[in-house]
Amino acid sequence: MRKRTTTKQLNSAITNNLLHITKAEIYYKTSRKTETIDVDKFKDSLDFLCESGVFSDAIGWHYERDYKLNGYITECGRKNPDTEIIVTVYLGVGEGVIGE
């Protein structure tokens with residue numbers, strides 16, 4: 001089941017080592033092409049977005065548990081018909097972190 005989250009909550013979970021980024025992708029809706037993003041580039045972009053103030057809350061993030069990989073999949077853009085891209089981030093659970 002998909003749940004909502006915010007940019008700040010996502011960044012906080014990554015910064016506090018509760019989650020770590022294993023892979024990030026951009027999917028272009030019109031061309032149907034997927035491009036892999038460097039993990040460090042995604043993290044820098046996420047940090048910059050969090051510093052942008054009110055704009056960080058304008059992005060709707062959704063996440064769900066990935067039981068196969070024992071982690072989470074987080075996305076933005078899929079449910080927004082006005083955006084051209086979908087950003088998908090695969091997150092692993094940090095060492096020593098339990099459950100939800």
Closest contact, heavy atoms only, T5 versus L10: OG1-N, 4.3 Å

Side chain to side chain donor-acceptor pair (under 3.5 Å) against K29, all qualifying residues, sequence neighbours excluded: none

Ion pair check, K33 and E35, cut-off under 4.0 Å: no

I86: hydrophobic cluster co-members (side-chain, 4.5 Å): Y27

Partner residues of D40 under the side-chain contact (heavy atoms from CB on, under 4.5 Å) criterion, sequence neighbours left out: D38

Listed partners of D82 passing side chain to side chain donor-acceptor pair (under 3.5 Å), at least two apart: none

Chi angles and distances behind the side-chain contact (heavy atoms from CB on, under 4.5 Å) call for H62, K79: CA-CA 9 Å; H62 295 84; K79 296 188 176 199; 3.8 Å; yes

Any donor-acceptor N/O pair, N16 side chain to S12 backbone, under 3.5 Å: yes

From R65, E64, K3, residue fulfilling side-chain contact (heavy atoms from CB on, under 4.5 Å) relative to Y72: R65

W61 side, atom CH2; E75 side, atom CD - distance, nearest 0.5 Å: 9.5 Å

Gap separating the CD1 atom of I14 from the CG atom of L91, nearest 0.5 angstrom: 5.0 Å

Heavy-atom closest pair, residues T7 and S56: OG1-O, 2.8 Å

Nearest non-hydrogen partners of I59 and C76, listed with the distance: CG2-CB, 3.6 Å

Rounded distance [0.5 Å steps], NZ in K41 versus OG1 in T36: 11.5 Å

D47/C50 under side-chain contact (heavy atoms from CB on, under 4.5 Å): CA gap, chis, key distance, verdict: CA-CA 5 Å; D47 290 339; C50 283; 5.8 Å; no

Spacing of R32 atom CZ and T30 atom OG1 [to the nearest 0.5 Å]: 9.5 Å

Side-chain cluster (under 4.5 Å, hydrophobic types only) that I73 belongs to, other residues: Y90

Distance (rounded to the nearest 0.5 Å) between I85 CD1 and S31 OG: 11.0 Å

Shortest non-hydrogen contact between G71 and V93, atoms and distance: CA-CG2, 4.1 Å

Transitive ILVMFWY side-chain link V87 to L69, under 4.5 Å: no

No-hydrogen, no-angle side-chain donor-acceptor test under 3.5 Å, T15 and K43: yes

From I26 atom CD1 to F42 atom CZ, the distance as rounded to the nearest 0.5 Å: 9.5 Å

Salt bridge (charged side-chain N to carboxylate O under 4.0 Å, His left out) partners of residues 7-22, not counting sequence neighbours, each pair once: none

